[in-house]
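Below is one structure, written out as structure tokens; comments come after it.
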Amino acid sequence: WFALAVSVAGLVQILMTATAWLATGKRWRRPRLRVPDQTQTLFRRAGPGLIAAGIPQLKLIAAAAIVSSSPASVSWLYYANRLYELPLGIASIAIASVIVPRIALSLREGQADEHADGFASVQSRAFEIALGLALPAAAGFALLATPIAGVLFERGAFGSQDTIAVAAALVAICAGLPGHVLEKVLGAISFAKGDTHTPMLAALCGLAAAIVGGVRLFPDYGHVGVAAAIAISGWVGTTLMAGILAARGWLRIDLTAARRLPRIAVAAAVMSAVVGTALLLGHGYFPVLQISSLGRLAVVATLVVLGIAVYVTALQLLGVARLKELIAAVRQKA
């Protein structure tokens, strides 16, 4: 019934979109523009891009096959991956909606020359956005892995030992979050240049690394080793992409990014220290709250809000971004 509900939800979504579109009074009209037929070019470039986009799911399937001898491990990896995909999905949306259009626009405006400051600036802002989202998300999920898994899943047959197992896998896989996000940024640069084969090959190498690493690590470290192999695969793909793009002269960052990126890492470290300290104090001062599901939810929500506040404040104090600018940007997008 749940699977059926997902299908019905998709149908409702498209009906709502179609209704809203028809309410504007617009109707489909065949365009009368005379443009060259680039359908073959579209499919030739889209194919490798689609394969690269499907690699993360193939990694999960491969991981499940590796740990299939332990049904519990399959479930633990699945739950950890569901949580992992939340920050990864947010970063992917930011890259797809902001970074890719800006890179493509800079190419169209003739800023793609390897010595052009405009193209380097676009790439630099892309790396800042990617790491600005990925680093605090990875640190936050690693620190709060156990409380988050407990609040979301610990009920019924899902016991405290399952919570610990899912949290351990989440900590291991989150180590690869910045790598997977950077791989998407580098892929966007390659896509904007019309090259979709390189991201596909890098993603396939990452898949191979995940499979080989999972097979080697599972006997000694169980499902946590397989999760670590998935994390390593993200850095493998990123390293390959960065090396290839740099060799082609497509990868450049400006001085502003060289100054901001280390400060973003410092801000994430400050946030981690504050949240980690608050988590330790919370165990000592609020044991009653952690007994009930509602109490644990309140603790997790408080720590998340605290982490966001500390991170944004650190960014402002370090001169990376001003709070007013962030609020203005959010309002503009809204």
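What you see is a predicted model, and the numbers here were worked out from it, not measured in a lab.
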Query raised in the report: Does any donor atom in the side chain of Gln57 or Glu85 lie under 3.5 Å from an acceptor atom in the other side chain?
Result: yes
Query raised in the report: Hey, any chance Ile232 and Phe141 share a hydrophobic cluster, counting ILVMFWY side chains that come within less than 4.5 Å of each other, even indirectly?
Result: no
**Report entry** Side chains of Leu152 and Leu83 in contact at under 4.5 Å (non-hydrogen atoms)
**Finding:** yes
Requested in this report: Answer yes or no: is there a side-chain heavy-atom contact under 4.5 Å between Glu183 and Leu186?
Outcome: no
Query - Worked check of side chain to side chain donor-acceptor pair (under 3.5 Å) between Arg260 and Thr256 - result: CA-CA 6 Å; Arg260 287 179 175 176; Thr256 302; 5.8 Å; no
Query - Gap separating the CG atom of Leu170 from the OH atom of Tyr84, nearest 0.5 angstrom - result: 10.0 Å
Query raised in the report: If every non-hydrogen atom of Ala167 is compared with every non-hydrogen atom of Thr146, which pair is closest and at what distance?
Result: CB-OG1, 3.4 Å
Report task. Any chance you could lay out the salt bridge (Lys or Arg N to Asp or Glu O under 4.0 Å) test for Arg259 and Asp254, step after step, and finish with the verdict? Result -> CA-CA 9 Å; Arg259 177 178 60 85; Asp254 56 19; over 6 Å; no
**Report entry** Shortest non-hydrogen contact between Ala169 and Val224, atoms and distance
**Finding:** N-CG2, 4.3 Å
Query raised in the report: For the atom pair CD (Gln123) and CD1 (Ile189), what is the distance rounded to the nearest 0.5 Å?
Result: 3.5 Å
Query raised in the report: Between Val181 and Pro87, is any pair of side-chain heavy atoms under 4.5 Å apart?
Result: no
Query raised in the report: Given side chains that start at C-beta, do those of Ile211 and Lys59 come closer than 4.5 Å, heavy atoms only?
Result: no
Requested in this report: Answer with yes or no whether the hydrophobic clustering places Leu297 together with Val305; edges join I, L, V, M, F, W, Y residues whose side-chain heavy atoms lie under 4.5 Å apart.
Outcome: no
Query raised in the report: Taking atom CG of Leu58 and atom CD1 of Ile51, what is their separation to the nearest 0.5 Å?
Result: 9.5 Å
Requested in this report: Give a yes or no on whether the backbone of Gly187 and the side-chain of Ser190 come within a donor-acceptor separation of less than 3.5 Å.
Outcome: no
Query raised in the report: From Ile148 CD1 over to Leu143 CG, what is the distance, rounded to the nearest 0.5 angstrom?
Result: 9.5 Å
**Report entry** Min side-chain heavy-atom separation Thr163-Phe153 under 4.5 Å
**Finding:** no
Report task. Please examine the side chains of Met241 and Leu251, heavy atoms only from C-beta on, and report whether any two atoms are closer than 4.5 Å. Result -> no
**Report entry** Side chain to side chain, Ile244 and Trp250, heavy atoms closer than 4.5 Å
**Finding:** no
Query raised in the report: Same hydrophobic cluster for Leu60 and Val74, using side-chain heavy-atom links shorter than 4.5 Å among ILVMFWY?
Result: no
Report task. Check whether any side-chain N or O of Ser68 sits under 3.5 Å from a backbone N or O of Ala65 as a donor-acceptor pair, and report yes or no. Result -> yes
Requested in this report: To the nearest 0.5 angstrom, please state how far the CD atom of Glu128 sits from the CG atom of Leu315.
Outcome: 10.5 Å
Query raised in the report: Do Val171 and Leu86 sit in the same hydrophobic cluster, where Ile, Leu, Val, Met, Phe, Trp and Tyr count as joined when their side-chain heavy atoms come under 4.5 Å apart?
Result: no
Query raised in the report: OG1 of Thr198 to CZ of Arg248: how many Å apart, nearest 0.5 Å?
Result: 3.5 Å
Query raised in the report: Do Tyr79 and Asp162 touch side chain to side chain, with heavy atoms closer than 4.5 Å?
Result: no
Report summary line: Looking only at heavy atoms, the pair that brings Ala268 and Leu135 closest together is CB-CB, 4.0 Å
